[in-house]
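Here's the structure we're looking at; comments come further down.
Since we're looking at a predicted model, the values are computed, not measured. Here is the naming used below: chain letters follow the sequence lines, and residue numbers restart at 1 for every chain.
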There are 2 protein chains.
Amino acid sequence: MALDRKDLSILAELTTNARASHTELANKVGLSSTALARRQKTLEDDGYIQGYRAALDLAQFGLTTTVLVRIALESQSDEALKAFEAEVVKCPSVVRCFLMSGTDDYILIVLARDIRDFERIHRTELSRLPRVARVQSSFALREVINRAVPTVVFGEGKR
Amino acid sequence: MALDRKDLSILAELTTNARASHTELANKVGLSSTALARRQKTLEDDGYIQGYRAALDLAQFGLTTTVLVRIALESQSDEALKAFEAEVVKCPSVVRCFLMSGTDDYILIVLARDIRDFERIHRTELSRLPRVARVQSSFALREVINRAVPTVVFGEGKR
DNA sequence: TCTCCTTGGGCACACCGACGCGCATCCTCG
DNA sequence: CGAGGATGCGCGTCGGTGTGCCCAAGGAGA
């Protein structure tokens with residue numbers, strides 16, 4: 001199934017404002033409300049739209065510090081990976097965790113209030129992870145780009 | 001201003017389902033619809049809720065490969081940073097870009113269709129970035145955690 | 001070339017639900 | 001005991017949503 005420019009326009013708009021009504025969206029896209037409703041439903045049914053989520057301002061919660069953590073395990077055995085992953089999903093300050101190729105086994109993205117708070121997280125969350133051989137942390141000084149969706153998605157319009 | 005458990009419960013629910021109606025939310029949180037409406041409006045006005053966004057299934061667009069790219073610049077001068085950042089924001093496949101402490105100057109997260117596609121992105125987007133001294137890419141074999149909001153936010157309830 | 005058929009769009013309408021208001025009540029704190 | 005803040009209930013209005021129907025455009029086949 002292929003998406004045309006209007007579909008992409010709908011997705012782009014919903015990515016910005018998920019609560020827009022059919023008529024509101026229809027005006028922006030250049031369709032009638034019924035035509036838009038059909039397309040939106042199709043996009044949902046076909047799985048292009050997973051759901052609608054509120055975007056929280058994490059800075060408002062004091063979470064202004066992003067830390068990238070590289071973790072190497074003692075062993076790359078399946079059992080070690082499973083044990084590590086079972087615990088890392090419980091870490092409440094971790095927002096992303098990738099199993100990586102190359103020398104570093106895992107890369108985590110951790111959100112903290114500040115550097116002191118990260119020290120606490122390191123002590124109470126990260127240091128308790130099993131099978132860890134080495135932990136290396138780098139602080140993000142600034143976030144230059146933070147997109148949920150790559151802009152390339154909205155630029156491939158057919159027709 | 002402090003949030004109590006009901007506020008956090010509202011935020012948690014809206015993070016999952018941003019289109020829930022007042023009555024729907026009220027039932028889950030244990031409030032009446034009016035009390036909930038007031039609290040939700042307060043959360044919006046106070047900036048805890050930035051907005052409501054549709055979550056797209058990137059796999060549906062073929063973007064199944066995540067790549068972490070480490071980039072070191074030739075120079076850390078303010079001019080070099082500005083020049084680099086002015087260009088990197090134009091890269092349509094980059095979803096995140098951090099200015100880092102330590103040896104690596106920037107870390108990007110790039111979404112690609114597959115490894116072949118990343119080669120194209122490397123050639124057409126990354127290699128054109130100015131002032132770059134070294135580029136090092138690591139592929140994510142698997143995504144263990146992908147949260148928009150750390151669970152720690154929902155667990156600090158007062159009262 | 002004509003015709004049939006399919007696909008997508010627009011218009012109008014009716015129903016249903018959401019939303020916001022006012023007021024009474026309750027709880028807490030001073 | 002009084003006052004302020006938050007809650008819950010009921011109501012009316014408004015808007016969104018979904019349906020049915022018709023129309024236009026494009027493609028296929030005879």
Side-chain angles (χ1 to χ4, degrees), chain A residues 1-57 60-62 148-149 152-159, chain B residues 1-58 60-62 148-149 153-159:
Chain A
M1 169 183 180
L3 302 182
D4 63 9
R5 284 181 200 154
K6 287 179 179 172
D7 288 317
L8 297 176
S9 178
I10 294 168
L11 293 177
E13 187 58 31
L14 284 174
T15 301
T16 300
N17 179 16
R19 297 203 135 187
S21 67
H22 290 168
T23 48
E24 195 176 342
L25 279 175
N27 290 336
K28 297 208 179 187
V29 176
L31 281 175
S32 70
S33 75
T34 54
L36 181 123
R38 268 198 295 266
R39 291 176 92 116
Q40 183 174 348
K41 183 170 188 335
T42 303
L43 290 170
E44 292 168 355
D45 293 345
D46 291 355
Y48 289 95
I49 297 174
Q50 277 185 331
Y52 301 94
R53 314 228 172 106
L56 305 190
D57 183 2
Q60 200 76 6
F61 296 89
V149 179
V152 66
V153 167
F154 302 125
E156 299 166 340
K158 309 289 193 307
R159 296 184 204 177
Chain B
M1 170 185 177
L3 302 180
D4 62 7
R5 284 182 198 151
K6 287 179 179 172
D7 289 315
L8 296 175
S9 178
I10 294 168
L11 293 176
E13 187 58 32
L14 284 173
T15 302
T16 301
N17 178 18
R19 296 203 136 188
S21 66
H22 289 168
T23 49
E24 196 174 342
L25 279 175
N27 291 335
K28 297 209 181 187
V29 176
L31 281 176
S32 71
S33 76
T34 53
L36 181 122
R38 266 198 296 269
R39 292 174 90 117
Q40 182 173 348
K41 181 168 189 337
T42 303
L43 291 170
E44 291 168 355
D45 292 345
D46 291 355
Y48 289 96
I49 298 175
Q50 277 186 331
Y52 302 94
R53 315 233 169 99
L56 305 189
D57 184 3
L58 296 175
Q60 201 76 8
F61 295 88
V149 179
V153 168
F154 303 125
E156 300 166 339
K158 308 293 193 307
R159 297 186 205 176

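- Across the protein-nucleic acid pair, E44(A) atom CD and dG18(D) atom C1' stand 14 Å apart, rounded to whole Å.
- Put simply, NZ on K6(A) is 18 Å from P on dT7(C), counting in whole angstrom units.
- Across the protein-nucleic acid pair, L36(B) atom CG and dC19(C) atom C1' stand 12 Å apart, rounded to whole Å.
- For the pair Y52(A)/L14(A), a side-chain contact is recorded, criterion being any heavy-atom separation below 4.5 Å from C-beta on.
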Please report, to 0.1 Å, the donor-acceptor pairs under 3.5 Å made by any side chain of residues 22-30 of chain B, with sequence neighbours excluded.
{"from": "T23(B)", "atom 1": "OG1", "to": "S21(B)", "atom 2": "OG", "distance (Å)": "3.2"}
{"from": "N27(B)", "atom 1": "ND2", "to": "T23(B)", "atom 2": "O", "distance (Å)": "3.4"}
{"from": "K28(B)", "atom 1": "NZ", "to": "E13(B)", "atom 2": "OE2", "distance (Å)": "3.3"}

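- Distance CG (L43(B)) to C1' (dA6(D)): 15 Å, rounded to an integer number of Å.
- Side chains of D4(A) and R39(A) form a contact here, defined as non-hydrogen atoms less than 4.5 Å apart.
- Note that CG of L3(A) is 4.5 Å distant from OH of Y48(A), once rounded to the nearest 0.5 Å.
- Put simply, CZ on R39(A) is 9 Å from P on dG10(C), counting in whole angstrom units.
- Listed nucleotides: dG8(D), dT7(D), dG10(C). Nearest to the side chain of S32(A): dG10(C).
- Heavy-atom distances under 4.0 Å link DNA chain D to S21(A), H22(A), T23(A) of residues 9-24 of chain A, given in residue order.
- Side-chain N/O atoms of R38(A) include none lying less than 4.0 angstrom from OP1 or OP2 on dG10(C).
- In this structure, the CG atom of L25(A) is 12 Å from the C1' atom of dG16(D), given to the nearest Å.
- No side-chain heavy atom of L43(B) sits less than 4.5 Å from a side-chain heavy atom of K41(B).
- Nucleotide dG26(D) holds its C1' atom 15 Å from the CG atom of D4(A), rounded to whole Å.
- Between the side chain of T34(B) and the base of dC21(C), no donor-acceptor pair under 3.5 Å is found.
- The distance from atom CD1 of I49(A) to atom OG1 of T15(A), rounded to the nearest 0.5 Å, is 7.5 Å.
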